[in-house]
Amino acid sequence: MAPQTRRTSFPKVVIERDSDSEPSSSEEEEEEGEEDEDNREEEEAERGENEEGEEEEALENKNGERKAEGLDAKKKGKAPITLSLKKVCKVCKKAGHEAGFKGATYIDCPMKPCFLCKMPGHTTMTCPHRVATEHGVIPAPRRSTRNPLEYVFERQLRPDILPIKPTFVIPDQVNCAVIRYHSRRVTCLEFHPTNNNILLSGDKKGQVGVWDFAKVHEKMVYGNVHSCIVNNMRFNPTKDDSVYAASSDGTISCIDMETGISLSLMNLNPDGWQGPSSWRMLYGMDVNSEKGLVLVADNFGFLYLVDTRSNNKIGEAVLIHKKGSKVVGLHCNPVQPDLLLSCGNDHFARIWDMRRMEAGSSLYALAHKRVVNSAYFSPLSGSKILTTSQDNRLRIWDSIFGDLDSPSREIVHSHDFNRHLTPFRAEWDPKDPSESLAVIGRYISENYNGAALHPIDFIDISTGQLVAEVMDPNITTISPVNKLHPRDDVLATGSSRSLFIWRPKEKSEPVERKDERRIIVCGRAEKKRSRKFGDESDDDSGDDKFTSQSTKLKSNKPERNLTRCSNKVKR
DNA sequence: ATAGTATGAATCC
DNA sequence: TGGATTCCCTACTA
């Protein structure tokens, strides 16, 4: 035991308030001689960087632990510890500024690159691409070069896109129905191909939900389909009531929607769990009806083909992305069945000729700066490509027959990667004949009348214009999963464990899509249940019944057409 | 009210 | 190439 001075068992703690002065020099003097240079420096550095606020704060996390060790050391009877109550940034631990929510507005740490566009030198508040003030389009250089796709496919495939945008895209008022039956976060959504009121949802637990949103009280959840994440679902083009699902359990299932009985088409883990290095998970999936194929891809970069008639795997797996990397998306061209689009964690989206599927033989590789969450051909002509990447950018290639070396546009949009959220994917509006409208949830929150909300953005991908943002003051969670109805004016959203159906109110007027952003608010405004602030009060405890309110929402943004009405149904 | 936790890409060496 | 560490505007439960 080291000799002790006669003191109380704990060192004296001096709490220093809002002062910029360094720890007292007497303290350092006392330490000298007993501790070697390195230790002292370490402690000093700690003090400098960890001038946490209250003691309890200082005692949490790793820094806190080290602090506690420091306390122990000091028990040997040395100088008082100086804690500062000086406010410190919780992101970079430096003094002089603070990051975090101020009311419903998040203040970035200025030491970090902009949270929105990821460029240094400014914060989200002053970002030139900030969605709240401007549309963040980065035009890419255009060249008139031609690419290999042209020679192969262009003669067969004439792009047939209406140049004129429809005038009736965005309703001015919406209702939102809510259902909650998933016990884990929603990972994918799919509308029924013929029944207009059926929405399918998959979750992280492996369950599949069927929601007839016209019959609001009926719910169906099939719990024994998969044992973990349902990553993608597609309806069987030849049989309306059956759905293919690809899961991280390594199987493709074909689920009968009426009974919930599922058939396993393929199992990549027949020997069960042999450790993470061998466990195969299925992510990307699509169905090619012309060829009668289900296409799936795994977390090691491989593509598998399954014949839909025999339910047998065809051929050997093909390496289509970097070996060992996850292939998160597959999309068959809606017009040309020989064209396939894939994307994954190797930062590429790749275009393939199905007639020549072999490792390294993609027709084109579209480079991204980060993981590509999704890549889709445009839904009607199949001649455009829209990708969502974890670098907070949407990328658009206006023609697969044009210059594919760089995207036609990059649109800065906040859809940050967060391990606790389902990855964001920008989805085309399948009804838009001009193929220029996409929907995607927003990560970053905006202060809407004192509530921090995460809207769902409608973006004109030909201009980068934010056309509309949809939100409900009652919905404070982030909505990464969105899908637009193939025929009706319906938006389906998966947000955490809940599902939403947004529809125009009956008296709603269709509104011309023009160069002005519309804020579409659903629900009550005054009773904001924002993050942690704002007055909290009566809940809509009227589960299973409609409540309709018409309180006025005052926006902090002028001249917005705001409406409110909450048709809320919970289960 | 708050602490714990699930859990994945990037980065570093 | 691989293991440890960091990131730090999540959502929920105990």
Side-chain angles (χ1 to χ4, degrees), chain A residues 49 52 54 56-57 59-66 88-94 98-118 123-125 127 130-132 180 182-187 203-206 228-229 231 248 275-277 279 281 283 299-300 321-328 343-347 368-373 388-392 413-424 441-448 451-455 474-481 494-499 529-533 536:
Chain A
E49 287 190 22
E52 291 278 52
E54 285 76 4
E56 57 268 30
E57 249 190 277
L59 285 173
E60 69 176 24
N61 291 337
K62 275 168 285 186
N63 287 333
E65 280 165 33
R66 272 191 273 136
V88 118
C89 173
K90 68 179 180 189
V91 175
C92 71
K93 314 280 190 271
K94 298 244 165 46
E98 267 184 279
F101 275 100
K102 276 255 189 307
T105 305
Y106 189 91
I107 309 296
D108 281 356
C109 170
M111 309 301 284
K112 296 279 175 177
C114 171
F115 190 74
L116 175 54
C117 74
K118 309 303 177 196
T123 63
T124 305
M125 296 292 278
C127 177
R130 195 176 177 213
V131 123
R180 160 102 179 245
H182 285 286
S183 60
R184 290 290 180 271
R185 65 172 204 247
V186 174
T187 52
D203 73 16
K204 200 174 155 297
K205 200 180 180 185
C228 59
I229 317 180
N231 288 306
S248 290
S277 58
W279 184 261
M281 304 187 262
Y283 283 84
N299 56 326
F300 293 119
H321 280 266
K322 185 180 169 186
K323 194 166 189 179
S325 77
K326 197 190 285 178
V327 182
V328 291
C343 64
N345 281 23
D346 64 353
H347 302 188
H368 294 69
K369 291 206 183 67
R370 284 283 183 274
V371 166
V372 189
N373 292 346
T388 307
S389 171
Q390 287 183 8
D391 66 354
N392 260 4
H413 177 265
S414 173
H415 46 258
D416 287 72
F417 167 74
N418 180 319
R419 77 190 122 160
H420 308 297
L421 300 175
T422 305
F424 290 83
R442 198 191 302 171
Y443 184 97
I444 207 166
S445 66
E446 191 74 49
N447 181 350
Y448 295 97
L453 303 179
H454 308 266
N474 292 306
I475 298 170
T476 56
T477 50
I478 294 173
S479 304
V481 190
S495 184
S496 186
R497 302 173 184 185
S498 298
L499 298 174
R529 260 176 268 148
S530 50
R531 296 183 64 89
K532 288 150 188 154
F533 18 79
E536 195 275 295

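Throughout, protein chains are lettered first and strands after them, A, B, ... in sequence-line order, and every chain is numbered starting at 1.
Following rounding to the nearest Å, R180(A) (CZ) and dA11(C) (P) show an atom-to-atom distance of 12 Å. For the pair L421(A) CG and dG8(B) C1', the interatomic distance rounds to 12 Å; values are reported in whole Å. As a whole-Å value, the separation of D416(A) CG from dA11(C) C1' is 17 Å. N392(A) has its CG atom 16 Å from the P atom of dA9(B), to the nearest Å. F417(A) places its CZ atom 13 Å from the P atom of dT7(B), with the value rounded to the nearest Å. One can place NZ of K118(A) at 11 Å from P of dC9(C), the figure rounded to the nearest angstrom. Straight-line distance from the CZ atom of R184(A) to the P atom of dT5(B): 14 Å, rounded to whole Å.
For K118(A), the NZ atom counts as densely surrounded, since its 6.0 Å shell holds more than 12 non-hydrogen atoms of other residues, nucleotides or ligands.
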Which atom pairs link the protein and nucleotides 10-13 of chain B when you take only N or O atoms and keep those under 3.5 Å?
unit_1: dA10(B); atom_1: OP1; unit_2: H347(A); atom_2: NE2; d: 3.3
unit_1: dT11(B); atom_1: OP1; unit_2: R370(A); atom_2: NH2; d: 3.1

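Proximity of K204(A) to the phosphate of dT7(B): a side-chain N or O atom is located under 4.0 Å from OP1 or OP2. Put simply, K326(A) has no side-chain N or O that comes within less than 4.0 Å of OP1 or OP2 on dG8(B). OP1 or OP2 of dT13(C) sits under 4.0 Å from a side-chain N or O of R497(A). One finds no side-chain N or O of S414(A) lying less than 4.0 angstrom from the OP1 or OP2 phosphate oxygen of dC9(C).
D391(A) is linked by a side-chain hydrogen bond (donor to acceptor under 3.5 Å, both in side chains) to S389(A), R395(A), counting only residues two or more places apart in sequence or in another chain. Scored by the side-chain contact (heavy atoms from CB on, under 4.5 Å) test, Y443(A) finds F115(A), S414(A), D416(A), N418(A), L421(A), F424(A), I478(A) as partners (sequence neighbours excluded). Not counting sequence neighbours, the partners of R419(A) by the side-chain contact (heavy atoms from CB on, under 4.5 Å) test are F417(A). With sequence neighbours left out, P110(A) forms a side-chain contact (heavy atoms from CB on, under 4.5 Å) with H97(A), T123(A). Partners of H347(A) according to the side-chain contact (heavy atoms from CB on, under 4.5 Å) rule, which considers only residues two or more places apart in sequence or in another chain, are V371(A). Under the side-chain hydrogen bond (donor to acceptor under 3.5 Å, both in side chains) criterion, K326(A) pairs with no residue at all, not counting sequence neighbours. For S498(A), the side-chain hydrogen bond (donor to acceptor under 3.5 Å, both in side chains) test picks out no residue, with sequence neighbours left out.
Within 4.0 Å of Y443(A), counting heavy atoms only, lie sugar-phosphate atoms of the nucleic acid but no base atom. Contacts of K112(A) with the nucleic acid, taken as non-hydrogen atoms under 4.0 Å apart, involve only primed sugar atoms and P, OP1 or OP2.
When distances are taken from the side chain of N418(A) to each of dC9(C), dT10(C), dG8(B), the shortest belongs to dT10(C).
For DNA chain B, runs of at least 3 consecutive pairs of the Watson-Crick or G-U wobble type, with both hydrogen-bonding distances under 3.5 angstrom, map to B:2-6 with C:10-14, B:8-13 with C:2-7.
A donor-acceptor contact under 3.5 Å is formed by the side chain of H420(A) with the base of dA6(B).
N299(A) places a side-chain N or O within donor-acceptor distance of the main-chain N or O of M281(A), the cut-off being under 3.5 Å. Without hydrogens or angle criteria, R184(A) side chain to C228(A) main chain gives no donor-acceptor distance under 3.5 Å.
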